[in-house]
Trainee: 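This is the structure, below, for whatever I ask next.
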Amino acid sequence: MVKNISLLLVCTVLFSCTGKKQVTTDTKAKSADTVIHVKDAHTLSNADSVEMKHLNLDIQVDMDKKQIRGCALWTIDNKSKAKTLILDTYDLTIDHVLVDGNEVKFVLDTQIRFLGSALHIPIKDKSVNVMVCYKTGPKARALQWLNPQQTHDKVHPFLFTQSESIYARSWIPCADGPGIRFTYSAHVAVPKGLMALMSAENPQAVNDSGVYNFNMDTPIPAYLMALAVGDIAFRQIDDRTGVYAEQGMIEKAAWELADAGRMVDAAEQLYGPYRWGRYDVLICPPGFPIGGMENPRLTFVTPTIIAGDRSLVSLIAHELAHSWSGNLVTNATWNDFWLNEGFTNYFERRITERMLGSSYSDMLWELGYQDFVTAVGELSATNHDTWLKLNLKGRDPDDGLTDIPYEKGSHFLKLIEQSVSRDVFDRFLAKYFESHAFKTITTEAFLKYLDTALIKGDDDLRKKLNINAWVYGPGIPANCPRAGQERFSKVDSQRNKFLSGIPAEQLTTVDWTTHEWLHFLRKMPATLSTMQMRKLDAAFDLSASENSEIADLWFIISVRTGYSTAYGAMDKFLSSVGRRKFLEPLYGEMMKTPAGAAMARSIYGKYRMNYHPLAQESLDRLVLKKS
Ligand code: BES
Ligand code: ZN
């Protein structure tokens with residue numbers, strides 16, 4: 001590894017290792033002839049000068065050493081005759097680099113906080129093949145290595161990656177910006193008996209050799225690179241959909257996801273053809289840090305969606321919707337994240353409406369609105385992080401990962417839909433996906449497209465939408481739409497009955513879904529007594545809930561009200577669930593009192609190792625007060 005002296009030398013030549021250099025990515029909106037150059041502050045690469053066309057990955061996955069070793073062979077087009085190719089890396093050891101078969105001297109910069117180390121490779125005008133041979137390090141932020149004890153079946157180890165937003169560079173040397181697309185093929189060797197899966201064409205059975213070959217011939221950005229290795233089984237759902245899970249989980253998983261094929265059909269009816277061939281879902285082990293990840297062809301999800309009643313599958317609708325918003329039309333930089341997540345949230349609810357009716361999707365809208373209000377409250381109403389267009393320069397893109405891009409983004413689209421009529425908006429969106437397919441989009445390019453393809457000089461409409469308040473302003477705009485309350489007003493009246501003293505078992509709750517329960521519990525007053533908690537628990541067995549969303553909220557309320565009967569179940573929940581969305585609020589609630597903080601430290605001490613490296617980072621700050 002080259003440290004400061006040579007770093008200084010290279011810096012003077014290339015001006016590129018301060019972390020300040022930014023890549024520009026070409027983005028072209030169909031309606032505009034001009035190319036908009038976009039600065040992406042989160043890649044150190046120079047993919048604006050050197051086109052990264054194809055990746056041929058040849059790796060071995062060492063489950064004992066918890067290390068990936070191998071070579072990444074990049075096919076490049078040095079269109080601007082750059083002298084150097086710069087790639088992103090994070091905690092990688094570079095063994096050697098070959099350019100068109102000849103070993104070259106490379107320079108690996110010292111690490112810039114979350115951005116990692118730029119790798120400088122000398123290239124010639126006509127260079128085509130750049131091979132980087134490397135090993136991953138123990139701090140690889142994309143990799144979660146599970147020992148058998150941390151899996152569902154507890155027999156074999158498991159590995160999965162989570163590359164969004166800038167973690168692909170911790171397992172592949174690459175140009176790691178959402179605006180940089182490439183195709184890939186991969187040759188992956190894993191311990192015999194285990195299966196390997198990627199965001200590509202996948203095997204459906206374990207093979208004897210432990211060697212798997214993959215192909216993704218549709219260009220994708222690095223954050224959609226994904227790999228999972230484990231004792232995995234497959235079940236077909238229909239011709240183009242299926243589910244992968246650990247052996248002991250596969251039957252339950254297949255039952256829970258039985259509607260996935262119909263969801264793909266519903267999505268296509270809304271916004272045009274599904275362009276990725278198969279749509280499969282991998283149920284990850286419990287330590288998976290998020291709800292789901294839209295890896296192309298193979299969504300990765302948390303096992304916490306397996307509720308036994310198909311009530312949490314709107315998360316699948318969400319990840320599926322990314323096959324259009326995100327994977328097909330991709331946010332140019334992480335500042336434009338709402339174009340991925342806000343669109344997807346909107347699309348998710350439209351799929352859910354088709355599948356389960358509008359009174360159902362209205363519940364998702366209302367819970368989302370509540371999350372929006374909470375997020376604005378927590379961030380403060382003037383915080384720039386409550387704008388749709390974020391400013392993450394010099395910051396970890398994870399900082400922008402709040403409910404704002406999701407909820408403010410989707411509510412903005414809902415407002416447009418209501419203002420122009422659903423038919424008109426649906427046609428606009430279908431055209432947007434088609435005309436921007438496999439391209440990158442900035443907020444500005446989207447607004448321009450909106451203007452030319454939809455607003456078309458209608459000043460009344462422009463005034464009604466008040467776009468600036470949404471995109472370049474904080475908080476909740478005054479014209480924010482609100483969903484119908486048909487099912488939730490019934491929930492409100494049951495809650496009021498309970499609060500006025502009517503016994504819990506006399507409440508009408510038989511046909512409630514997860515969402516009704518969430519609304520019922522969310523709006524309980526903070527002053528709920530231990531006695532009231534006990535009555536709710538006796539009537540509805542909430543401490544024993546198998547539904548992770550309900551359980552998490554119940555435990556938060558239990559901590560808030562000091563209902564210690566639930567603590568045993570909460571301890572068990574925290575031992576296995578790794579989803580940050582559940583962990584952070586629950587540990588956060590405990591941290592509010594000295595006794596709670598002591599409990600949090602004791603529980604976290606026991607289970608820290610079960611959590612993903614990124615969850616550990618944020619919980620170390622929250623619970624252990626590490627900076
Ligand atoms: N793409 C996101 C996950 C993500 C975003 C990972 C940014 C890392 C950085 C995914 O589609 C997502 O939004 N997942 C949600 C579930 C969804 C139903 C809101 C989650 O994990 O909670
Ligand atoms: Zn998403």
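When a ligand or atom number is given, it counts from 1 through the structure's own listing order. Just so you know, these numbers come straight off a predicted model, no measurement behind them.
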Trainee: Applying side chain to side chain contact (heavy atoms under 4.5 Å, CB included), run through D238 and V264 and close with a yes or a no.
Mentor: CA-CA 11 Å; D238 67 13; V264 185; over 6 Å; no

Trainee: Does a salt bridge link R579 with E584, judged by any charged N lying under 4.0 Å from a carboxylate O?
Mentor: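 A salt bridge is absent here (no side-chain N lies under 4.0 Å from a carboxylate O).
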
Trainee: Is the Zn ion (ligand 2) under 2.8 Å from any N, O or S atom of E341?
Mentor: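 A backbone or side-chain N, O or S atom of E341 is under 2.8 Å from the Zn ion (ligand 2).
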
Trainee: Would you mind checking if R422 and E417 are paired as a salt bridge, meaning a charged N to carboxylate O distance below 4.0 Å?
Mentor: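 R422 and E417: salt-bridged.
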
Trainee: For the Zn ion (ligand 2), what is the closest N, O or S atom on H322?
Mentor: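 It is NE2 of H322.
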
Trainee: Can a side-chain donor-acceptor contact be found between E294 and S323 if the only test is distance below 3.5 angstrom?
Mentor: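 Side-chain D/A pair, S323 to E294: absent.
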
Trainee: Residues around ligand 1, heavy atom under 4.0 Å from any ligand atom, sorted by chain and number. Can you pull those?
Mentor: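 If the criterion is a heavy atom under 4.0 Å, then ligand 1 touches Q162, E164, I290, G291, G292, M293, E294, L315, H318, E319, H322, F337, E341, L401, Y406, R579.
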
Trainee: Looking at F412 versus W470, is the centre-to-centre ring distance below 6.0 Å?
Mentor: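 F412 vs W470: aromatic centres under 6.0 Å.
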
Trainee: For a salt bridge (Lys or Arg N to Asp or Glu O under 4.0 Å) check, start with the C-alpha distance between D336 and K389, then their side-chain angles and the critical distance, and finish with the verdict.
Mentor: CA-CA 6 Å; D336 306 298; K389 176 83 184 192; 2.8 Å; yes

Trainee: Going by the angle between their ring planes, with limits at 30° and 60°, are Y244 and F234 parallel, tilted or perpendicular?
Mentor: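 Taking F234 first and then Y244, their aromatic rings sit tilted (interplane angle of 30° to 60°).
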
